[in-house]
*Asks:* 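Please find one structure pasted underneath; my questions will follow.
Please read these numbers as outputs of a predicted model, since none were measured by experiment. Throughout, a chain's letter reflects where its sequence line sits, starting with A, and its residues are numbered from 1.
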Amino acid sequence: MSTAETAARSSTTGPPRSSISAGQRRRRFGRRSVTRRVPPVVWALLLVPLLVELAWVFWPAFNSFQLSFTKWSGVGVAEPVGLKNYRTLLYDPIFHTAITNNVIWIVAFGGLSVVIGLALAVALNKPRRGVGAYRSGIYLPMVFSLAVTGLFWRVLYQPDGPINAILAAIGIDTGQHQWLADPNTALAAILVAALWRQAGYIMVLYLAGLKGCDPTLEEAAAVDGASWSQRFRYIVFPQLRNVNTVIFAVTVIDSLRTFDIVWAMTRGGPYNSTQLLSTYMYQVGFTQVNLGYGSAIAVVIFLLAIAFIITYLVRATREE
Amino acid sequence: MNPAELPATTLSRRSLLLGGAALGGSFLLSGCIGGSQTPAASSAPSDTATTLTLQSSLSDPKPKAALDSIVKGYTKYPTTLNTVAIEQFRAQLPTYLTSANPPDVLTWYAGSVARDYASKGLLLDLSDMWTGDGACAKFSAPLKALSSDESGKQIFVPTSYYWWSIFYRKSAFEEWGVQPPTSWDEFMTLLDTLKGKGIAPLTNGTGSTPWMASGWFDYLDLRINGAAFHRDLLAGKHSFDSAEVRKVMDTYATLVPYFDPKGRSYSWQEAATPLVNKKAGMYLIGAFVTQAFPASAVKDVDFFSVPAIDPAIPSAEEAPTDGYFASAKSKNVTGAKDLLSYLASPAQQQAYIEGSGSSNLPTSPDVDSSKFSPLVLKGIKLLQETKEITQFFNRDSSDALQTTADTALTKFLDKPRDVAKILKDWQTAAQQVWNS
């Protein structure tokens with residue numbers, strides 16, 4: 001901000017307004033300055049939220065960084081241990097599972113929710129009878145919190161629950177498969193529940209994007225003999241670029257912060273096989289009250305999120 | 001933040017923002033976390049508040065309703081009862097106790113968990129309740145020992161306890177023509193008989209309540225290696241990767257085929273349903289299991305203790321003790337003690353036991369036992385006759401060690417053949433808990 005101010009000051013090349021005293025210099029506007037002189041009220045409106053943000057967001061985040069170099073049980077004085085927590089992380093088998101699961105989760109949850117959401121949006125874009133009911137029906141799961149979704153699906157997945165019953169009715173004998181108790185299927189089972197909720201959300205975002213597409217372009221291409229897939233690939237999809245930006249950001253953030261649905265359905269079990277970084281952090285930090293080690297995991301999550309977002313922003317701005 | 005510190009006048013938007021900024025500033029200046037904690041125990045008790053908060057982990061419907069009506073009957077200080085789901089309560093407890101404005105009275109467990117918080121100066125010294133005509137003065141000596149911290153001060157008010165055993169339905173056993181076993185061999189034969197009849201001999205809810213897997217571990221260790229070894233094992237004086245523990249796991253492995261496999265997806269409550277419906281034969285669980293039975297079937301519930309395996313080992317039972325402690329930072333110490341005395345009184349203990357439906361035993365000797373069910377009287381007798389009493393895995397160690405047991409034991413129930421690796425990993429994980 002101080003650089004902006006100096007820049008503004010040095011660029012005030014215009015003649016001083018006659019009635020302005022030296023004390024009021026701040027109010028002068030540079031004729032060509034891009035950053036016009038900012039009135040104090042605006043400064044206040046900028047600075048106060050900044051301070052609040054610093055105090056309530058960045059200061060705790062900074063504390064978390066500090067904590068990750070200590071051993072602390074939440075009571076008494078934190079004992080500095082240097083990089084020990086990070087070294088332990090390197091050899092922690094549960095942490096390795098959590099990282100792998102998080103990668104699987106980002107790819108599968110992000111990829112599938114976008115594919116399904118886009119497919120649904122395209123299918124339900126054209127107005128026809130009853131389409132509103134379908135749209136709201138698909139969006140409906142979004143009104144439930146993830147924790148409620150998790151509890152609801154936990155019942156569906158019970159060994160003698162509806163899912164096994166339906167599979168048996170259509171001739172697939174699962175032998176009362178325990179979807180959430182079997183480490184081979186537990187993560188996929190949670191994924192299905194999470195997708196069930198997320199796909200409707202992505203669909204609504206894409207529907208909004210599709211509304212903004214110019215239909216005459218598509219019609220013109222159709223007249224020129226472009227097939228449906230060509231029209232979608234070369235006419236419609238490029239017009240969705242802005243929506244894609246939003247959806248990418250939403251999806252990455254949603255994937256990395258996934259916590260409640262896993263916690264509600266398996267708590268990272270059976271024996272840590274569905275542990276994500278977030279659930280493992282919670283378990284270490286708040287069940288075992290090992291706040292230093294938990295903070296180290298939090299720092300890893302933070303760095304991953306930052307890396308993703310920055311890479312993406314750099315790419316996006318370069319394309320602009 | 002303490003609401004009492006804010007001025008009562010309505011805040012304008014601007015002053016609120018400025019206040020926020022000032023707070024933020026003071027935050028920045030206040031230095032790093034955990035740097036300067038004043039030991040809370042040393043501050044003289046001062047009553048700056050006239051209200052009380054009771055934080056409760058009793059979130060099952062019947063105990064919740066019972067405590068609710070008991071608190072409604074307390075009129076001396078206005079008391080707010082917050083009930084939090086137990087898993088969340090467990091996770092948040094350190095935060096409750098260390099916060100600047102903690103709940104005054106909290107439900108929790110006696111033993112090493114309470115002692116651990118006491119050693120950090122977070123619990124109110126309740127010694128005066130245990131002497132003279134205090135509410136706990138007549139409680140038994142073992143209860144007093146259990147409620148004391150390392151320096152001999154009492155920091156806990158036990159109000160009820162219960163026993164673990166193998167529960168079954170009398171009518172179901174009659175239908176199947178079987179008798180409760182009196183020896184380990186009879187028990188194994190019973191398991192085979194029930195399995196032969198197409199009944200799941202044992203049920204257990206190790207899905208969303210994986211700690212239930214520790215029940216059998218504790219009992220087998222108590223029966224094979226004895227209570228002294230068990231306590232030392234949980235205190236880190238023996239290795240989980242030892243011959244003794246291996247012996248326990250080998251016996252546990254012989255039981256694995258008899259468990260209802262669906263239990264791996266169940267919570268303890270869900271796992272009780274097959275027992276109620278006579279689809280499963282027996283359930284090793286605490287007496288709180290009677291909550292899961294419909295009122296008409298509670299009289300049909302009976303239990304027998306896990307049979308002796310090695311006759312040379314003195315008998316031992318698990319009897320977890322529940323109750324309350326108070327925060328050292330309570331703003332209303334007199335009130336907190338008064339509420340604790342109320343909760344510990346014979347009348348309220350009895351009201352809670354009757355209301356909660358969980359077959360708990362009272363800690364006060366003055367509770368009229370004539371109205372107790374035969375089941376509860378049998379439970380009292382069991383605990384009076386046993387040589388050794390333990391609490392439960394997490395209560396005898398810590399919640400952190402419990403998570404290592406949950407991982408190891410649920411994995412073991414799935415893959416009993418991997419026992420060697422599981423025990424090795426368990427020891428590594430436990431070592432990390434003890435070192436941290």
*Asks:* Is the NZ atom of B/Lys278 crowded by more than 12 outside heavy atoms at less than 6.0 Å?
*Replies:*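 Enclosed.
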*Asks:* Does A/Pro270 reach the side chain of B/Arg264, with side-chain heavy atoms less than 4.5 Å apart?
*Replies:*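 Contact flag for A/Pro270/B/Arg264 side chains = no.
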*Asks:* Sort out for me which of A/Asp160, A/Thr266, A/Leu180 touches chain B most, counting heavy-atom pairs under 4.5 Å.
*Replies:*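 Top count of heavy-atom pairs under 4.5 Å with chain B: A/Asp160.
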*Asks:* Using a cut-off of under 4.5 Å for heavy-atom pairs, which of B/Ala429, B/Ala400, B/Ala408 has the most such pairs with chain A?
*Replies:*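 Most heavy-atom pairs under 4.5 Å with chain A: B/Ala400.
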*Asks:* If you compare all heavy atoms of A/Arg267 against all heavy atoms of B/Ser208, which two are closest, and at what distance to 0.1 Å?
*Replies:*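 For A/Arg267 versus B/Ser208, the nearest heavy atoms are NE-O, 4.1 Å.
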*Asks:* Under 4.5 Å heavy-atom distance to chain B, tell me which part of A/Pro93 shows up: side chain, backbone, both or neither.
*Replies:*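 Interface part for A/Pro93: neither.
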*Asks:* Can you tell me how far CD of A/Gln275 sits from OG1 of B/Thr407, rounded to the nearest 0.5 angstrom?
*Replies:*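 With rounding to 0.5 Å, OG1 (B/Thr407) is 8.0 Å from CD (A/Gln275).
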*Asks:* Does a side chain donor of either B/Asp414 or A/Tyr271 reach within less than 3.5 Å of an acceptor in the other side chain?
*Replies:*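 A pair is found: one side chain offers a donor N or O, the other an acceptor, under 3.5 Å apart.
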*Asks:* Is chain B contacted by the side chain of A/Gln283, its backbone, both, or neither, given a heavy-atom distance below 4.5 Å?
*Replies:*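 Contact with chain B involves the side chain of A/Gln283 alone.
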*Asks:* Side-chain contact test, heavy atoms from C-beta onward, threshold under 4.5 Å: evaluate it for B/Gln432 versus A/Asn290 and give yes or no.
*Replies:*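 No. Closest side-chain heavy atoms not under 4.5 Å.
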*Asks:* Between CG of B/Asp406 and CG of A/Asn272, what distance do you get to the nearest 0.5 Å?
*Replies:*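 Here the interatomic distance stands at 9.5 Å.
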*Asks:* Take atom CZ of A/Phe58 as the centre, draw a 6.0 Å sphere, and report whether it contains more than 12 heavy atoms from other residues, nucleotides or ligands.
*Replies:*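 For A/Phe58, atom CZ is not crowded (no more than 12 foreign heavy atoms under 6.0 Å).
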*Asks:* Which distance, rounded to the nearest 0.5 Å, do you find between the CD1 of A/Ile94 and the OG1 of B/Thr403?
*Replies:*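 A/Ile94 CD1 to B/Thr403 OG1: 7.5 Å, rounded to 0.5 Å.
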*Asks:* Which region of A/Tyr282, side chain (C-beta onward) or backbone (N, CA, C, O), has a non-hydrogen atom less than 4.5 Å from a non-hydrogen atom of chain B, or is it both or neither?
*Replies:*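 For A/Tyr282, side-chain heavy atoms alone lie under 4.5 Å from chain B.
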*Asks:* Side chains of A/Gln158 and B/Ser265 only: does a donor on one sit below 3.5 Å from an acceptor on the other?
*Replies:*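 No pair is found: no donor N or O on one side chain lies under 3.5 Å from an acceptor on the other.
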*Asks:* Does any backbone or side-chain atom of B/Glu270 lie under 4.5 Å from a heavy atom of chain A? Answer side chain, backbone, both or neither.
*Replies:*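 Contact with chain A is through the side chain of B/Glu270 alone.
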